[in-house]
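The structure appears below as structure tokens.
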Amino acid sequence: MSGTPPSAAVLHADVTALLTGWTPTSPAAAEARDRTLTLLAAGPVAVTRAHRPGHVTASALIMDPGGGRVLLCLHGKFHRWVQLGGHCEPEDHTLAGAALREATEESGIAGLRIDPVPIDVDIHPVACQGGSLHYDIRFAVLAPAGAVERVSPESTALGWFPPDELPEPLAGGTRQLVAPALAALRRSPLRHVP
């Protein structure tokens, strides 16, 4: 598709390799991964919001250092609590980097660390381009001790919640991130991805 930024090819290659080698965390995530790989067959345009049938997005469930709280945002457009994330941008060269950028922008927290192995893939309808699908690839992110969040223009509020006491109304697919995010925290220390 004309108008696709040249950097989209780099991100497209990263997403394709990431998902091809990923072991899904659930049967639903496996199905979503396979559907996302089919979407990626459209080429680099599939990682841009210009692709009307759907496009790859990146999100992150932010946890405090001990995993006792998760940070969610009350989304300004659809008024539900959800993990932080969004569209890939031309400057994103890796999907983990896109998720980390989104988490940092939307939380206002510096020094976040990310596990570059996805914890989930979820496909859901959105209003982009008059109606499209987000093929959202989700990551676990660790906030530094003492982190103080700052609400961005995309959110109405930010809040820390115990993983077993998530707020309502909660966006579909957010609750399913808790168990694999906690497993990622136990599996390995999360790290910064440029």
Legend entry - Between OG1 on residue Thr38 and CZ on residue Arg33, distance to nearest 0.5 Å: 10.5 Å
Inset, instruction - Flag yes if Val126 and Tyr135 sit in one hydrophobic cluster, no otherwise; membership is Ile, Leu, Val, Met, Phe, Trp, Tyr, and two members link when side-chain heavy atoms are under 4.5 Å apart. - result: no
Legend entry - Within-4.5 Å side-chain heavy-atom neighbours: Leu84 and Glu102: no
Legend entry - Pairing residues for Asp64 by the salt bridge (charged side-chain N to carboxylate O under 4.0 Å, His left out) criterion, not counting sequence neighbours: Arg69
Legend entry - Shortest non-hydrogen contact from Leu158 toward Cys73: CD2-CB, 3.4 Å
Inset, instruction - Using side-chain contact (heavy atoms from CB on, under 4.5 Å) as the criterion, point out the one residue from Leu95, Thr48, Val15, Thr94 that pairs with Cys88. - result: Leu95
Inset, instruction - Please check if the side chain of Asp92 supplies one atom and the backbone of Glu89 the other of a donor-acceptor pair under 3.5 Å. - result: yes
Inset, instruction - Report the distance from atom CD of Glu106 to atom CZ of Arg150, rounding to the nearest 0.5 Å. - result: 12.0 Å
Inset, instruction - State, with a plain yes or no, whether a side-chain heavy atom of Leu133 is found less than 4.5 Å away from one of Arg35. - result: yes
Legend entry - Check: Val117 and Trp22 side chains under 4.5 Å, non-hydrogen atoms: yes
Legend entry - Side chain His12, main chain Leu40, donor-acceptor under 3.5 Å: yes
Legend entry - Salt bridge flag under 4.0 Å for residues Glu168 and Arg175: yes
Inset, instruction - Mind listing the closest non-hydrogen atom pair of Pro65 and Pro144 along with its distance? - result: CG-C, 3.9 Å
Inset, instruction - Please answer: with hydrophobic residues joined when any side-chain heavy atoms are less than 4.5 Å apart, are Leu37 and Leu11 in the same cluster? - result: yes
Inset, instruction - Could you tell me whether the side chain of Ser132 and the main chain of Arg52 form a donor-acceptor pair under 3.5 Å? - result: yes
Inset, instruction - Side-chain contact test, heavy atoms from C-beta onward, threshold under 4.5 Å: evaluate it for Leu72 versus Leu61 and give yes or no. - result: yes
Inset, instruction - With rounding to the nearest 0.5 Å, note down the distance linking OG1 in Thr57 to NE2 in His124. - result: 5.5 Å
Legend entry - Modelled atom types, side-chain donor and acceptor of Glu149 and Ser107, under 3.5 Å: no
Inset, instruction - Measure the CG-CH2 distance between Leu166 and Trp81 for me, rounded to the nearest 0.5 Å. - result: 11.0 Å
Legend entry - ILVMFWY cluster membership beyond Phe78 - transitive side-chain contacts under 4.5 angstrom: Val82
Legend entry - Heavy-atom side-chain proximity of Asp122 to Gln176 below 4.5 angstrom: yes
Legend entry - Sub-4.5 Å side-chain heavy-atom contact between Ile123 and Glu31: no
Inset, instruction - With the side chain counted from C-beta on, respond yes when Pro24 and Val121 share a heavy-atom pair under 4.5 Å apart, and no when they do not. - result: no
Inset, instruction - Give, for atom CD1 of Ile62 and atom CD of Gln83, the distance between the pair rounded to the nearest 0.5 Å. - result: 10.0 Å
Inset, instruction - Measure across Arg101 and His87 and return the closest heavy-atom pair with its distance rounded to 0.1 Å. - result: NH2-O, 3.0 Å
Legend entry - Minimum heavy-atom distance between Trp160 and Ile109, given as atom pair plus value: CZ2-CD1, 4.1 Å
Legend entry - Donor-acceptor under 3.5 Å (Arg138 side chain, Gly173 main chain): yes
Inset, instruction - Determine whether His75 and Arg80 make a side-chain contact, defined as any pair of heavy atoms from C-beta on separated by less than 4.5 Å. - result: no
Legend entry - Main-chain N/O of Thr16 paired with Thr20 side-chain donor or acceptor, under 3.5 Å: yes
Legend entry - Taking every non-hydrogen atom, the tightest pair across Gly68 and Pro163: O-CD, 3.2 Å
Legend entry - Hydrophobic cluster membership, Leu177 vs Phe161, 4.5 Å side-chain cutoff: yes
Inset, instruction - Looking only at non-hydrogen atoms, find the nearest pair between Ile114 and Ala99 and report the distance. - result: CD1-CB, 3.9 Å
Inset, instruction - Please check if the side chain of Thr25 supplies one atom and the backbone of Ile119 the other of a donor-acceptor pair under 3.5 Å. - result: yes
Legend entry - Between NE2 on residue His93 and OG on residue Ser7, distance to nearest 0.5 Å: 6.5 Å
